[in-house]
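In what follows, every chain begins at residue 1, and chains take the letters A, B, ... in the order their sequences are listed. This is a predicted model, so every value here is computed, not measured.
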Number of protein chains: 2
Amino acid sequence: MGMTIKEIAKLAGVSKSTVSRVINDAEHVSDKARKKVQQVIEETGYIPNSIAKDLKRNSTNSIGVIVPRINTSTISSAVEGISNIMYDNGYNLLLTNTRLDIKEEIKYLELLKEKRVSGILFFATELTSKHLETLNKIDLPVVVLGQDISEIVDFPCVIHDDFNSAKDIAKYLVKQGHQRIAYIGVQEYDIAVGQLRKKGYAEALTENNLEVPEEYLYKGDFSINSGYEGMKEIIESSRQLPTAVFAVTDSLALGAIKYLKERDYQVPEDISVVGIGNSDISSWITPELTTVDYDHLKAGEEASKILLKYITGDKFKGKLLMDYHIIERESVKKI
Amino acid sequence: MGMTIKEIAKLAGVSKSTVSRVINDAEHVSDKARKKVQQVIEETGYIPNSIAKDLKRNSTNSIGVIVPRINTSTISSAVEGISNIMYDNGYNLLLTNTRLDIKEEIKYLELLKEKRVSGILFFATELTSKHLETLNKIDLPVVVLGQDISEIVDFPCVIHDDFNSAKDIAKYLVKQGHQRIAYIGVQEYDIAVGQLRKKGYAEALTENNLEVPEEYLYKGDFSINSGYEGMKEIIESSRQLPTAVFAVTDSLALGAIKYLKERDYQVPEDISVVGIGNSDISSWITPELTTVDYDHLKAGEEASKILLKYITGDKFKGKLLMDYHIIERESVKKI
DNA sequence: AGAAAACTTGGGAACGTTCCCAAGAAAAAG
DNA sequence: CTTTTTCTTGGGAACGTTCCCAAGTTTTCT
């Protein structure tokens, strides 16, 4: 244990330079010397110290990742994608978890700089001025995931296309013949889900000259129960029932379906329902949910590729909108 | 940028020793010097280089984590637990993902040693002799998660109590009055799920003097479809139908329920079903599934605590069996 | 006031590598 | 056989810290 290059050199009867050359299989080493060194390394179980190496080289092959949580399918899939690309390119992941505490983000940004990571993948939540200051200070390539902050700060962003996907699945409902489409959403301080998806829904309807009565609109939180309550309120307050429901997430759709089932409405025969997100549940429930699939794994991969280029000096400008696709399953009926 | 302690020292008009003392807020620094240094650090945005520090100190505050995948709820929850404990104790996570490739495990074990991590949390799959050799060679504290290898190799293991939990939920069925309990399992090369859970089931029944006819036993794979097929086979081949089904995972239970529903058997009125694992789906399906909950997050936390002690020289011997509890929901009827 | 104690400070070696440079050895060219 | 070229080798500085030690300064005590 605690072997160093120097000791290997002594044992092999060569200089540490030669050992270094063997380790990094560089040129200018005779076969004889190489063999001998390899043998000694093998025998002693020597494993080089990459801390020393990193110090000398003044660079690491580590990438910092900042997430607000790990055990969500969205984030863990993205991290899986990140690890795919990064490992293939010889980088390691230094994973930090803010546990939804914004102040920790600042701390971890600095910590990752201390560790001299080559770049950072940052799952952003909110952006304060303190963030901007820190991002500036650490002077590292950063790619932001999940939030579009490309207008506030000059870092590449990788985001899902909330607006167009919402619009498309709303258009899909219209195309299936639906004219009365209710909306179950969330508060608008959430930009992606609360604003963009709603805007997509609204635009799809107006473009098709469809009006939305006030009583078709519900805004709650992200819980399943909120979907249940929303559906209840819409059903109870509508003079004429909608033929379809546009829920802004799969959980909300699930809650809506639960309520409908309880009241003996058939889905999709009486009322069609769509969600967004293609969560695990969406394919387990009956009827299987028609929804929008975002490819989180691929988002992680794309963000990684952008970061790698950034590190080598080729900076992506603006934001990358990820692809999506509608998964047609059983919860929508053509009328 | 690229500031060093030396440059800060020059700017502050002190020696680098003094700057070092300020950074590590050590004693023996006059207020005046401290103020001045802090001011210069603030102005220049200097962030210390922890690579140099680690090299000098000959230790890092990093923990290596080796996982076979990231985006499963089991693993991501465990990693969340790990990050909780580790961050609270000042450690960072170096995350490596083998993508189910056993050879990569060896590679990552060595890589983490190169990085001079303080310890490793290893989600093991299989253990080859090459593994043992490498584990030996790297000479680091390692805690193994998810597999009981405490008899083969002298590292602490943290595992779920497959045997007792299976036995308990089988006993629960008996207690609810069930006498004819069918079994849907998996092949026995999987020790935890294939062997231990089956053993728990078998023991619960024999202890209650219940016999199991051969046609009540089915062995497939881990897929939902396998649960479906298993249920089908059991129903079709039994002279007398079972009143309950013990499925070795939630997915299998789900498949079984799917088949029963299709054939218009009521769950749990006609046949009760239990699973194991408390997967996400288990609470979404109708009827909600009675199952066993393993606390993966806590397993990660406990493993982390054991590793931290190990690092400070206090090695846990043998294996830690995690707690579990039965979640009673709707899929079992008392008879 | 002088001695002792306590605090403050700076210099320099060390951590384990890499990589430049110079020198020695071998091979090729004349 | 000498000169040039190419290959191989080792020595040592450097990367940015920490930490020991010695020296200088201030405070406390008698």
Q) In residues 29-41 of chain B, which residues come under 4.0 Å of DNA chain D by heavy atom? A)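 Residues of residues 29-41 of chain B that come under 4.0 Å of DNA chain D do not exist, since none gets that close.
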Q: Consider only side-chain N and O atoms of Asp148(A) and Ser150(A), and report whether a donor and an acceptor are under 3.5 Å apart.
A: yes
Q) How large an angle, rounded to 10°, do the end axes of the helix from dA1(C)-dT30(D) to dG30(C)-dC1(D) enclose when each is built from five base pairs? A)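 Comparing the first five pairs with the last five, the axes sit 40° apart.
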(Q) Protein within reach of the bases, or only the backbone? For nucleotides 13-19 of chain D, mark each nucleotide 5' to 3' as B, S or -, using heavy atoms under 4.0 Å. (A) BBBBBBB
**Q.** Asp88(B) with Arg99(A): basic N within carboxylate O range, under 4.0 Å
**A.**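 Answer for the salt bridge query: yes.
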Q) Does a side-chain N-to-carboxylate-O contact under 4.0 Å join Asp154(B) and Lys315(B)? A)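 Between Lys315(B) and Asp154(B) there is a salt bridge, with a charged N closer than 4.0 Å to a carboxylate O.
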Q) Given dG11(C), is OP1 or OP2 found less than 4.0 Å from the side-chain N or O atoms of Ser15(B)? A) no
(Q) Just to verify, which of Val65(B), Leu145(B), Val67(B), Asn97(B) counts as forming a side-chain contact (heavy atoms from CB on, under 4.5 Å) with Ile75(B)? (A)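 Considering Val65(B), Leu145(B), Val67(B), Asn97(B), a side-chain contact (heavy atoms from CB on, under 4.5 Å) with Ile75(B) is found only for Val67(B).
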Check whether more than 12 heavy atoms from other residues, nucleotides or ligands sit under 6.0 Å from atom [atom1] of [X], and answer yes or no.
{"X": "Asp323(B)", "atom1": "CG", "value": "no"}
{"X": "Glu43(B)", "atom1": "CD", "value": "yes"}
{"X": "Leu132(A)", "atom1": "CG", "value": "yes"}

Q) Of all residues at least two apart in sequence or in a different chain, which pass the ring-ring contact (aromatic ring centres under 6.0 Å, His included) check with Tyr87(A)? A) Tyr108(B)
Q: Please list, chain by chain and in numerical order, all residues satisfying salt bridge (charged side-chain N to carboxylate O under 4.0 Å, His left out) with Glu104(B), sequence neighbours excluded.
A: Lys107(B)
Q. Ala299(B): what forms a side-chain contact (heavy atoms from CB on, under 4.5 Å) with it, not counting sequence neighbours?
A. Val158(B), His160(B), Met322(B)
